[in-house]
Structure formats: C-alpha cells, structure tokens
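Note sheet for the following structure.
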Amino acid sequence: MHPALVRRTIIGTACIAAAAAFACSRPTGNSGSVLTGDAASRVYVAPGEYDEFYSFMSGGFSGQVAVYGLPSGRLLKVVPVFSQNPENGYGYNEETKGMLQTTYGFIPWDDTHHTELSMTDGVPDGRWLFINGNNTPRVARIDLTRFETDEILQIPNAAGGHASPFTTPDTKYIVSATRFSVPVPNTDVPIETYKQNFRGTLSFIKADEPGKMDIAFQILMPGFNYDLGHSGKGPSEGWFFFTSYNSEQANTKLETNASQNDKDYIAAVNYALAEKCVADGKAKTMPADYYHNWMDESTRSARVERKTSVRMLDPGDCPGVVYYLPTPKSPHGVDVDPSGEYIVAGGKLASIIPVHSFTKLIKAIAARAFDGELSGIPILKYEAILAGEVQKPGLGPLHTEFDGKGNAYTSMFISSEVVKWKLGTWEVLDRIATYYSIGHLMIPGGDSKKPYGKYLVAMNKITKDRYLPTGPEMFQSAQLFDISGEKMKLLLDFPTIGEPHYAQALPASMLKDKQLKFFSLAKNMNPHVTRAESDGGITRQGRNVHVKMIAVRSHFGPDNLEGVMVGDTVYFHVTNIEQDWDILHGFAILGAENSELILNPGETRTMKWVPRTPGIYPFYCTDFCSALHQEMSGYVRVSAAGSNVQLKANTSPKAQRQISKVKGGVSASQR
Ligand code: RUQ
Ligand code: CUA
C-alpha cells in the first residue's frame with residue numbers, strides 16, 4: 001500500500017477509538033509520518049525576517065524563472081524570460097518585444113529547464129543567472145541586481161537546447177547541446193536517412209560580458225540525443241562532459257529503439273584544445289541564421305541583431321578534442337564532484353551509478369586504452385576510466401549533487417528517493433523517500449567547488465495528494481531536506497511554478513545589498529522619455545499617434561486626449577517619474593489587445609493600441625500606488641476616421657493640484 005494510504009488508514013482507526021475523548025483532526029497528506037519534531041522551526045522565517053538563501057528555480061513550461069526563499073519555500077518573484085508575462089508587460093510592451101524575436105518569428109513561449117549561476121573560480125559569484133530555452137534553442141542571461149532578463153541568444157544548428165546553459169568555472173563559456181539531432185544545416189531529407197544525414201552539435205557560448213553573448217564555436221557530433229552537461233573544475237578545468245542517449249541512432253519509437261545498447265556515452269570535450277584549434281583556423285566558418293537580443297542599458301529597450309555565421313569544428317580536424325566515455329544505460333545527468341576528480345553519471349535504466357575518474361581518463365588517453373571509435377571519436381575502455389560503481393543505489397538514477405563533505409546525493413526517479421553515498425568508497429549511507437518521482441535535486445552551491453551543504457531541495461514530477469486538490473492538474477512539488485546531519489530529514493513541501501527541472505541557490509547575503517531600488521530618471525535615455533508633466537503631449541505622424549505621458553502619485557499627465565481616429569495606431573509612452581523604491585504604476589486602457597504596462601520607478605514603457613470604434617476610452621493605473629490610486633485615470637476620445645477633431649492633450653485641474661503637492665519631491669529627485 002502507498003505510504004500515504006497506510007498512514008491515513010492508521011489515523012482513521014485511531015480516530016474512531018479516540019473519538020469519545022478528542023476531536024480528531026482530518027488526515028492531511030502524509031508528511032507527518034516522516035517529519036521530525038523541529039521541522040517547523042527549521043523552516044519558519046518570522047514575519048519581517050529574511051530567508052537564508054535565494055533559490056532560482058526553472059519555471060519549466062511556464063518559460064520563466066521563479067525565485068524562492070529557503071528554507072521557507074516562499075515565492076519571492078517570477079522573472080519573465082522566454083514567455084510574455086502579462087503581470088508586468090514583458091514581451092507585450094514595445095521595449096521588450098525584441099527580446100523574444102527569433103528566426104522562427106516572434107515567439108511568446110519556451111520551456112525552461114536549467115538555471116545556472118555565473119561563477120568565479122568555480123564558485124557562484126551572484127552576478128548573473130543563465131537559463132535555457134529547450135524548444136527553440138536559446139540561452140538567456142538574468143542580471144541579479146535587478147532580477148531582469150537582459151540578454152537572449154538563439155542557438156543555430158540545434159533543435160532543442162537541453163544540455164544547457166551549464167557554465168565553465170570562470171563563466172567564460174556557457175554551453176548548449178542539441179537535444180535532437182537534425183541535418184546540419186537543417187534541410188529537407190527523408191527521416192529514414194537519419195543515420196546518414198542527422199548530426200548533433202555542442203555549442204560553446206561566450207558569456208562573460210553582458211550584451212556580448214555569442215557562439216564562440218560549435219562542435220559537430222554524431223547524430224545522438226544530447227542530454228545534460230557539466231564542466232570540469234580544479235584538475236579537470238578545461239574539459240566539459242555531456243551525456244548522450246540514443247547511440248542506436250533510432251528515429252522512431254525511441255522508447256524501445258533507443259534503449260537497446262548496454263552503454264551509451266558521455267562525451268568528454270577538451271574545450272581548451274577546441275579553443276586552440278579554432279584559433280589555429282581549424283574550424284570552418286559556415287552560414288547560420290540566429291538572433292542576439294539584449295537590453296540597452298540606457299534606453300531599457302531591446303536591441304536586436306541577426307547573425308549570419310558560426311565557426312564549426314569537426315573533431316576529425318582537431319584530434320584529441322573529444323573522447324567518448326562508455327556509460328550504462330541511457331545516461332541522463334552528468335555531475336562533477338567539488339574536487340573535479342569524479343564524473344558521476346545517472347543512467348536512467350542502470351542498476352548502478354558509475355563514477356569515472358578524471359585522473360584515469362587522462363592516463364587512458366595517454367595509454368590509448370581505446371575500444372574502437374565512433375565517427376573518428378575514440379571510445380575509452382570503461383574499465384580503464386572507472387573510479388567505482390555505487391551498488392544497489394535504487395532505481396532510475398538521474399542527477400547528483402554534493403555537500404562538500406565528501407558525500408554525494410543522487411535522485412532516483414523510479415524508486416522516488418534521494419540516496420546519499422560516499423565519494424571514494426561508493427557505499428550508500430542513507431536514503432529518504434520523496435513524494436513523488438524526483439527529477440533534479442539541488443544543494444545550494446552543490447555543483448560548485450564549495451557547496452553550502454545545509455539543505456537539499458528535491459524537485460518532484462508528480463504531486464498527487466501533497467496539497468489540497470486543484471482538479472486534474474496541480475502545481476509541481478518541491479521538498480526541502482535538512483542534510484546537515486548524518487541522516488537526511490524532510491522539512492517542508494512547497495508548490496512550484498511550471499515544472500522546475502533544475503534550480504540553483506546561493507546565500508541571500510550575496511545579493512540582498514546589491515539590489516537596484518529604482519532607475520535613475522536622469523539617466524533614462526529612452527527616446528520617448530517624459531521627465532516632467534510639462535513635457536507630455538500628443539503628436540501625429542501619419543496614422544501613428546504618439547502620446548508622451550508621466551505617471552506619478554496619483555495621476556497621469558496628460559490625462560485627457562482627443563483627436564485620435566479609428567484607423568490610427570496609438571503609442572502610449574508612459575514614464576514613471578517616481579524616484580523611490582517599489583513605487584510602481586501601471587497603465588491599461590479599455591479594450592486594449594495587450595497586457596497592461598507596469599512601470600518601475602524611473603522607467604519608460606510603451607503600449608501599442610489600435611482603437612476600432614469611436615467613443616470614449618478610459619485608462620487607469622493598475623498598480624495600487626496610493627490612497628488616490630482609484631483617481632489615477634484618464635480618457636481618450638476616439639473619433640471616426642477622417643474626423644476633424646483636433647489633437648489635444650490636457651491636464652485635469654485635479655492633476656494640476658496634485659502635481660503642485662508632489663512637485664518638490666519630483667524635482668528634487670531629478671537633480
Ligand atoms: S532534466 S529531471 Cu530537463 Cu535536467 Cu533531468
Ligand atoms: Cu499609480 Cu495606482
């Protein structure tokens with residue numbers, strides 16, 4: 001019987017027996033059966049106090065990033081990345097639409113999988129967070145002083161960007177490997193010619209300069225499916241490891257056809273050597289079509305650049321750049337321990353966890369301990385590179401993280417548990433159930449040189465009875481474990497947005513004091529900025545009407561607009577002229593086929609609006625900003641096409657009175 005059901009039955013029986021004496025509480029899921037006494041106090045963050053860690057969870061099929069506090073599990077923010085976000089107008093307003101531009105057109109969605117913090121010397125440094133778009137292969141950079149997406153790079157010659165955006169210890173590169181092999185360049189061929197025509201690519205993306213992300217080079221690989229990656233560190237710095245499955249190169253019914261081989265491969269890529277080969281001109285420049293979009297800091301508007309070529313390195317032209325490490329059985333995760341010596345693979349269908357040794361790998365290469373080759377890539381002998389195998393770990397090993405104290409923690413999808421084992425002796429030390437079907441797990445800093453090793457978060461694929469039911473679909477579920485002692489302890493369940501896949505976390509102290517509180521109005525170089533109400537107004541350029549407007553507690557200026565006609569396209573350029581933390585205004589207008597605008601203090605945002613019928617259209621502030629928030633509104637008069645109503649923008653007497661009240665504050669902030 002399911003453990004939850006067992007407990008419910010017990011509670012049920014005890015309840016009947018005790019009914020005369022006590023009021024029985026209803027059974028509430030099964031957490032009580034595994035919780036220890038102090039769990040509540042371990043996760044309790046008192047009102048007004050802060051969490052110890054920021055945890056950045058992938059938003060999965062929401063396309064975003066969700067930021068949670070740990071240990072409380074409180075949702076702190078949703079950062080829009082690849083999906084339009086009506087909550088703040090990202091991807092709807094004119095300034096940010098460009099961020100979602102791709103060669104496939106404007107794409108309002110993606111499927112995010114892995115968050116990755118930037119690192120310095122192999123340790124998270126709190127500058128940026130990267131995340132991948134899995135469907136339309138892209139990588140994004142989020143600035144951690146603002147929690148905003150600043151840059152998106154599309155990956156050409158790829159179809160699905162799953163092994164991404166893992167970083168090198170110095171954040172010189174982040175990577176993206178294609179999940180699906182396709183013809184490179186992509187072209188119309190019969191699908192059954194998979195083996196002849198389909199190829200994989202591994203992309204190394206230059207990532208250490210904001211606004212300058214670019215494909216440094218791609219490596220052309222056999223037509224497998226590439227799954228996950230991790231960089232080496234310490235002695236293995238300069239190498240990158242990628243798992244692959246479907247070495248069978250099946251193109252149909254992968255469920256069985258891609259699970260035939262006893263072993264698939266981890267590709268060990270010597271990217272330091274690849275760099276050298278590229279510098280020596282051994283990569284071919286090939287045409288490619290992809291977008292690079294980034295936010296211009298001064299205008300806070302997206303800049304969009306279309307790129308036309310990449311450098312493609314064929315491993316045959318750079319001997320020693322890639323080796324294959326045979327790894328049982330359709331490996332999913334590949335994780336490198338804090339010392340950089342051990343490379344741990346999670347073979348979804350394997351009955352052991354294999355651990356490769358970097359020292360042995362280098363020796364095996366020198367001794368040419370090969371088992372043949374694949375498309376010119378030498379296959380190392382399994383026994384020659386093996387450090388050890390964890391025996392009987394459980395079923396369905398996927399991902400491993402480390403606590404920095406010599407222990408590894410592996411998620412077991414099929415047996416729904418976390419298994420703790422010891423590096424070096426490979427013995428299983430502890431196991432604890434997860435509810436249910438854990439995918440990734442995360443320890444703050446757990447894939448870095450210096451894990452923080454206090455908590456572990458399990459990200460589970462199935463939620464079922466963990467919360468009050470919400471129809472057939474429930475949020476995904478995360479669970480927080482205390483790993484500070486010998487035995488793991490369950491502390492907390494909390495729901496997450498989308499399917500979080502992976503997360504990374506760092507101490508709040510690394511970010512908290514670096515947060516930007518507002519944008520400087522003086523430095524706002526948006527071409528449509530309005531710095532003072534007297535600069536507002538309405539102008540016509542053919543069928544386009546531009547409205548320049550300020551928002552300040554508690555009015556818009558101007559707030560009455562006339563002379564707009566059916567057939568016009570109206571652009572509302574609204575500037576929030578507040579210079580104060582967390583004082584936001586919004587803008588929405590009746591019937592707009594668009595989301596609202598949300599305006600950070602000091603920021604200009606533009607809404608495009610096409611009125612369809614004559615009439616009066618109210619607009620209002622959507623973010624409750626003051627006692628007179630409900631008064632923060634205005635009207636647009638729309639006349640029939642060809643009418644002779646004059647363009648007019650005015651300011652209401654009430655707004656005049658309010659502006660004189662707040663003027664001192666506003667002008668002071670502009671000095
Ligand atoms: S995945 S549950 Cu998309 Cu990283 Cu392993
Ligand atoms: Cu401004 Cu409500």
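Numbering of ligands and ligand atoms starts at 1, following listing order. Computed from a prediction, not measured in an experiment: that's the story for all the values here.
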Next on the checklist: Need one value: angle at atom 1 (Cu) of ligand 2, His585 atom ND1 versus Met632 atom SD, rounded to 10 degrees.
Outcome noted: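 Here the angle at the metal atom is close to 100°, to 10°.
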
Item to check | Leu398 side chain reached by Lys348 side chain, heavy atoms, under 4.5 Å | outcome: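 Contact flag for Lys348/Leu398 side chains = yes.
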
Item to check | Within 6.0 angstrom of Tyr635 OH, more than 12 heavy atoms from elsewhere | outcome: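 Not more than 12 within 6.0 Å, no.
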
Item to check | All side chain to side chain contact (heavy atoms under 4.5 Å, CB included) counterparts of Ser416, not counting sequence neighbours | outcome: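 Residues passing side chain to side chain contact (heavy atoms under 4.5 Å, CB included) with Ser416: Thr434, Tyr436, Ser437.
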
Item to check | Nearest-0.5 Å distance that lies between atom OH in Tyr265 and atom OG in Ser330 | outcome: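 The OG atom of Ser330 is 12.0 Å from OH of Tyr265, to the nearest 0.5 Å.
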
Item to check | Per-atom contacts of ligand 1 with Lys461, taking only distances under 4.0 Å to non-hydrogen atoms | outcome: 2 (S)

Next on the checklist: For distances below 2.8 Å, what is the count of protein N, O or S atoms around atom 4 (Cu) of ligand 1?
Outcome noted: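 Atoms of protein N, O or S type lying less than 2.8 Å from atom 4 (Cu) of ligand 1 total 2.
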
Checklist entry - Can Arg553 and Glu578 be counted as an ion pair, charged N to O under 4.0 angstrom? => result yes

Item to check | Step-by-step ring-ring contact (aromatic ring centres under 6.0 Å, His included) determination, Phe556 to Phe587 | outcome: CA-CA 9 Å; Phe556 293 104; Phe587 177 88; 5.7 Å; yes

Next on the checklist: Check the orientation of Phe53 and Tyr455. Use parallel for under 30°, tilted for 30 to 60°, and perpendicular for over 60°.
Outcome noted: perpendicular

Next on the checklist: Under 2.8 Å from atom 1 (Cu) of ligand 2, is there any N, O or S atom belonging to Cys621?
Outcome noted: yes

